Amino acid sequence: MIIILTSKLIKNSNKGSLVTSGTKKRPDGRAFDEMRHLKIEAGVLERADGSSYVEIGDNKVLAAVYGPRELYVRRLLKPNMAILRCRYNMAPFSVEDRKRPGPDRRSIEISKITAEALNPAVFLEKFPRSTIDVFIEVLQAEGGTRCAGITAASVALADAGIPMRDMVAACAAGKSEGQVVMDLSEWEDKEGEADLPIAMMPRTGDITLLQMDGHLTSDEFEKALDLAIKGCQIISEEQKNAIKNRYGD
Amino acid sequence: MIIILTSKLIKNSNKGSLVTSGTKKRPDGRAFDEMRHLKIEAGVLERADGSSYVEIGDNKVLAAVYGPRELYVRRLLKPNMAILRCRYNMAPFSVEDRKRPGPDRRSIEISKITAEALNPAVFLEKFPRSTIDVFIEVLQAEGGTRCAGITAASVALADAGIPMRDMVAACAAGKSEGQVVMDLSEWEDKEGEADLPIAMMPRTGDITLLQMDGHLTSDEFEKALDLAIKGCQIISEEQKNAIKNRYGD
Amino acid sequence: MIIILTSKLIKNSNKGSLVTSGTKKRPDGRAFDEMRHLKIEAGVLERADGSSYVEIGDNKVLAAVYGPRELYVRRLLKPNMAILRCRYNMAPFSVEDRKRPGPDRRSIEISKITAEALNPAVFLEKFPRSTIDVFIEVLQAEGGTRCAGITAASVALADAGIPMRDMVAACAAGKSEGQVVMDLSEWEDKEGEADLPIAMMPRTGDITLLQMDGHLTSDEFEKALDLAIKGCQIISEEQKNAIKNRYGD
Amino acid sequence: MVQSVVPEIIKESVVNLIQKGERADGRALDQYREISLETGVIKKAEGSARVKIGKTQIVVGAKPQIGEPFPDTPNVGVLITNSELLPMAAPNFEAGPPNETSVELARVTDRCIREGEVIDLEKLVIIPGKKVWMIFLDLHIVDYDGNLMDAAALGSLAALMNTKIPSTTIEGDEVVIDYEKMVPIPIKEQPLMCTLAKIGGELVADPSLEEDDVLDARISIGLRVDGSVCAMQKGGSVPLTREEVLKAIKIAQEKTKELRKSIPKA
Amino acid sequence: MVQSVVPEIIKESVVNLIQKGERADGRALDQYREISLETGVIKKAEGSARVKIGKTQIVVGAKPQIGEPFPDTPNVGVLITNSELLPMAAPNFEAGPPNETSVELARVTDRCIREGEVIDLEKLVIIPGKKVWMIFLDLHIVDYDGNLMDAAALGSLAALMNTKIPSTTIEGDEVVIDYEKMVPIPIKEQPLMCTLAKIGGELVADPSLEEDDVLDARISIGLRVDGSVCAMQKGGSVPLTREEVLKAIKIAQEKTKELRKSIPKA
Amino acid sequence: MVQSVVPEIIKESVVNLIQKGERADGRALDQYREISLETGVIKKAEGSARVKIGKTQIVVGAKPQIGEPFPDTPNVGVLITNSELLPMAAPNFEAGPPNETSVELARVTDRCIREGEVIDLEKLVIIPGKKVWMIFLDLHIVDYDGNLMDAAALGSLAALMNTKIPSTTIEGDEVVIDYEKMVPIPIKEQPLMCTLAKIGGELVADPSLEEDDVLDARISIGLRVDGSVCAMQKGGSVPLTREEVLKAIKIAQEKTKELRKSIPKA
């Protein structure tokens, strides 16, 4: 017996159903260098030392920070600096088909590269023999959750009062329907030709995360990189506003 | 290809096949306030510091106690008292369909509430920085194993010479075929309307475990609670006899 | 829908397709007391303190040794001697049907008996409070991997400069097609009547590993044991050559 | 373990206040903290709710999936309740497989929903014995400020009342699922849970984090709309008397009437 | 690890006694402790046994289940042997997944049963290549007082000889299982295991807990009724000589004859 | 973690050398160590390769298996890439489930192979939506001497180019597999990976173990034959500038041309 999903495909490709032929507009109506709706809030949780909530398009992400604090597994501690640990996790209900709880290979990789993306910004040497724990929960996923998670984590670190060189901002660019575009939607990520998520410290332009998969010529890569950098700058402004809204100037 | 179980159902409902219409008797012939056959022995194992064996109906349960003893995971120890840990486990062959070895969510919950049920009775403050380990093995299950396990564990604690305020006794009451009854059988538990297992210290009447699921009005609940209390008192006498049989008065 | 494997069986029984009727020759043409092609190399890896590579027939096995070294889990250390730990592992691609990565019950048992087979040869008392770690990787399996692994591990221990009473050598004998034979091939192991792998210190004749499964009379057992001992002596010579080739006499 | 170590002095001050009929946050002994409840907060989930009791916050998502019924109950759908005490929610929660507190929370919530007969599980059968809807109910605890049980039951009920499944038809040998005709899952009952803490000999409703840390015993009571009992769980290492249990039920019957006001109309 | 740390002084006294031909519990070097064996002790299991050798106690349960044969052996049933060294059985046993001692016990017992051809596995086929009976044999070690191997083999044999499965018939495409006609599983052979410990240069039968803790080497030998060898496993970190191995087989052939008396008639 | 603790003094000497345009092993900054590549080394695997870059050594095996396609991609075969950093390969590697370094290596290699379109996955379909070939690619890291990424990509490509699968035909309802007619899997592209380390402000190719331990940042770039980019992964806790990234791509485009010479002709 076979189960036929009458209109599941149609349902899933809603974001793609608005294809406007003959124009430069994207399936969801954005220009190639236009970001999705963006909302960032700081200080949204009670217990965490710092927290934040980020919406980018239909992505909904919470981040919480605990620390600097002592860890009981002493052999993991470093004598001259704090270690920053990160756990990226997706809620079972955050995606179309329920995700089994617990880490999988994707979340293990993203946790690792998120920690590496945040590391350069934090003055870890100020807190020897301690840990700073960053927890990222994806409540709803719609393409670009790793960038949303890094963006949220930076705001949570700032909300926790942890001294940083800059707030790391993250944004992807990529290629979809032959066009290099900023901030890929879920549909563009799945159906598109390439995805290039980056994270950076906007003040200096230093890139702290860089991944790519797909197919880009050198020229397209450079164009995409510049779009992603521009995206990070836009996001950076919203991060600063979120901190201002919470603490004033 | 489909597998038909010709008389598996009949086999399983043996306990229910004796339904006597028109009388107050239960499927297995008991009165509403009658307990199943009960047998309790203390000191049945060689290696454990204390042990016991309990049969209630067709339930067969072993309990063993080790401690007070030191634990190598020091951060779990408490400076001013012992910690009592409990592991409730079912043998793979104890149930109709073989159970996979190892803890499942049910046994994790029962282990937790069993520890909480025994805790108030033990003078934990006499043994700082140590653990008392209680192991319960269900060899055969026929409804009411958590109560049989707690009952057995108390006797094993006494057999280990651990000072206690009272021996905790446990018994369920519930509702089956519209009647509030004591000590549900497996059939009554599965087919019945409600199950209310409790544990208590009979000397003071203090209730140390209380769970309920099903559907009871306030009045039925009170009636069931009183039947369960009465059951605990009956069991308590047998527990004392078991200790007497082993050690004399 | 059923999947038919047209010639998978034929492919698998290649080793058995050469059955020569009327002679004493085995399916692969060997005499009853003949060993398969044998090749042993010492010092094949850069990072390990000692290493070796062994081919017996189509078996391909790597062994590496790290230690004596300190272990951070201190409660496992022994105050008066080193502990020798062993991990036997099969590569997923080493067998006909891909093996899932990670330990299974077979590899757990082989790791245990391999450690016991090597233990008597090593002067463990020279290295109190330390561990010697032996890692065995089966890259290709063709019957007799546990013996090949022990043989390789001994050479790796010698290559690591760890003082030993003797280099342990391992070889199986068994019964196949009614005949007691040395060094069973994969086909003889699977289709045969008995398998008897042993390990020994050839200088004294002391047996450090002994397992058997199948069906042997006492007389057949004795005959098989003697063949296995003879096999160990042959292998021992090759082990010594491997060390000589690396370090000179 | 949820319970953290609390200095004896804090415990004393909490107990003293309660014995005077007062609470640190100014509430009456039987008073709940502020409750907020939103539904439909996760579009990717077929049903969802975000519930807050005080600062305790749980996001609940329900996802239907077609599967096979359990062999011993071929003619009912399946409900699977799962909870994660996220390490984000409290400094002493750890990542990893569900611990005993998390397992207990999921199982007690499941019993309240199941025995309280929230869903008409028989109506979730597509082909008897072969294909049924399975509802996965996931409790994502993001902020822990005491009294998880009541928040979990309330959030779960709200998420289920918000849940829609695609309609199915059977054509020949095939199940045809129509994602454009989403229908609410059949709701029969609306049980809720009320938790009382025994502190200093008194019963107080909706224990805060501070109270949770110092309580002697806890009793959580699941009640249907008519006040009948569908679930109960004692916690904590101090006993309760028979009278305390019966008194707790009476209080819970009053308080769940109040709690019920937070539920959005179906 | 089963092996616990034993003071050198205890080891010396055990060795000295044995070298004089005596044992701490008064046994002769080749003498077993008291053996007790009951079958049918677990009604919920289709086969069961409780075996005691000295104070070592194992409860064995056998449960048949219909499943698919392994792809490379389509025409034989399946035997799966599992053992749990319960934390109840000894102070140094820990809860958790089977450790190496437990795995070794299960695998050696399985080899003795399987290579000793206890069950006629070909008769457990229901539909060749598709449906066979799988027998799950679970060893529940509840008290550990030395010599698990022999107790495990004896208990497993007894439990299997006690095992009944429902009869099956095939009607068209369906397997019909009749739980009212239970038939014994087909038993072909009755192998047993005898374990000898090498202590102070001597071989002693049925090592007690104390002897298990101090032994140099252990050899467990599985033997069929006719004295032929079906399984063997050396343990411990001291070698055996060729002659010790052959002598051990001779002793084991004598002792299994005795052990065989504990087996109930089929 | 792969990164081990390195004395500050070693780091200084490595950095000083590199800033002078030199390296400890005498290589130019953009020079690879010796590369060796053999294929067909494991007869039991349908495809295999052993690759060495310097002393780093990986054995790669590819095994095809018939399975079901993923529901959302019914018309393509399946590639599953797995890597094990064996404890044999370095003193600080531990046995156990894949750690984050191992997972990252497998996933980046998988992306290079997949996005670089090595295999024509559409040609691995046997019955659309029902039966496809799954290729299991296992990376067995046996010696770790730096730069795993490039060795993994090179070894994987070589193993896949060496892989043969049996031909299949469909007869009525059945898939007939013919193990005597083995055919190469369809290869479309030959991407490779080039890793550069940023040390002392310079970019150096093919970091050795020593350099891996002290590097500030790492960038691995996957390139197709035409020099277009198919995968990229930054590692390490120091940032890169935009210009460094673009420069790295240019260097990688040159170096992969060289690397490509080690690939055996298909």
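Predicted model only: the values in this text are computed from it and were never measured. Order of the sequence lines fixes the chain letters, A, B, ..., with proteins taken first and strands second; residue numbering starts at 1 for each chain.
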Between L240(D) and D206(B), is any pair of side-chain heavy atoms under 4.5 Å apart?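 The answer is no; the side chains never approach within 4.5 Å.
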
Of all heavy-atom pairs between I219(D) and L210(B), which one has the smallest distance, and what is that distance?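 The answer is CD1-CD2, 3.6 Å.
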
Give the member of L246(D), D72(D), V108(D), T241(D) that has the highest number of heavy-atom pairs under 4.5 Å with chain B.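 Option with the greatest count: L246(D).
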
Which atoms of [X] come close to chain D, meaning under 4.5 Å heavy atom to heavy atom: side chain ones, backbone ones, both, or neither?
| X | result |
| --- | --- |
| L209(B) | backbone |
| L118(B) | neither |
| M201(B) | side chain |

If you count the non-hydrogen atoms of other residues, nucleotides and ligands that lie under 6.0 Å from [atom1] in [X], is the total more than 12?
| X | atom1 | value |
| --- | --- | --- |
| E122(D) | CD | no |
| F123(B) | CZ | yes |
| K123(D) | NZ | no |

Under a 3.5 Å cutoff, is there a donor and acceptor pairing between the side chains of E220(B) and S228(D)?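 Note: E220(B) and S228(D) side chains miss the donor-acceptor criterion.
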
Carboxylate-amine/guanidinium proximity below 4.0 Å for R242(D) and D226(B):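 Yes, this pair counts.
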
Is R218(D) salt-bridged to E116(B), going by a charged N under 4.0 Å from an acidic O?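 Between E116(B) and R218(D) there is no salt bridge, as every charged N stays at least 4.0 Å from the carboxylate O atoms.
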
Under a 4.5 Å heavy-atom cutoff, which of D219(B), T208(B), D195(B), T204(B) has the most pairs with chain D?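 That would be T208(B).
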
Select, from A199(B), G205(B), S218(B), the one with the greatest count of heavy-atom pairs under 4.5 Å involving chain D.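 The answer is S218(B).
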
From [X] [atom1] over to [Y] [atom2], what is the distance, rounded to the nearest 0.5 angstrom?
| X | Y | atom1 | atom2 | result |
| --- | --- | --- | --- | --- |
| D226(D) | T217(B) | CG | OG1 | 9.0 Å |
| E100(D) | S107(B) | CD | OG | 11.0 Å |
| E222(B) | I249(D) | CD | CD1 | 8.0 Å |
| I108(B) | R107(D) | CD1 | CZ | 9.5 Å |
| E115(D) | L216(B) | CD | CG | 10.0 Å |
| I113(B) | Q233(D) | CD1 | CD | 6.5 Å |

Counting only non-hydrogen atoms closer than 4.5 Å, does [X] touch chain B with its backbone (N, CA, C, O), its side chain (CB onward), both, or neither?
| X | result |
| --- | --- |
| V229(D) | both |
| Q253(D) | side chain |
| D216(D) | neither |
| I221(D) | neither |

Check the pair M212(B) / R111(D) against side chain to side chain contact (heavy atoms under 4.5 Å, CB included), numbers first and verdict last. CA-CA 9 Å; M212(B) 204 283 275; R111(D) 287 202 286 267; over 6 Å; no

Applying side chain to side chain contact (heavy atoms under 4.5 Å, CB included), run through H215(B) and R224(D) and close with a yes or a no. CA-CA 9 Å; H215(B) 191 191; R224(D) 294 193 182 194; 3.2 Å; yes

Can you list the steps and then say if N82(D) with R105(B) is a side chain to side chain contact (heavy atoms under 4.5 Å, CB included)? CA-CA 10 Å; N82(D) 185 61; R105(B) 299 188 353 151; 3.6 Å; yes

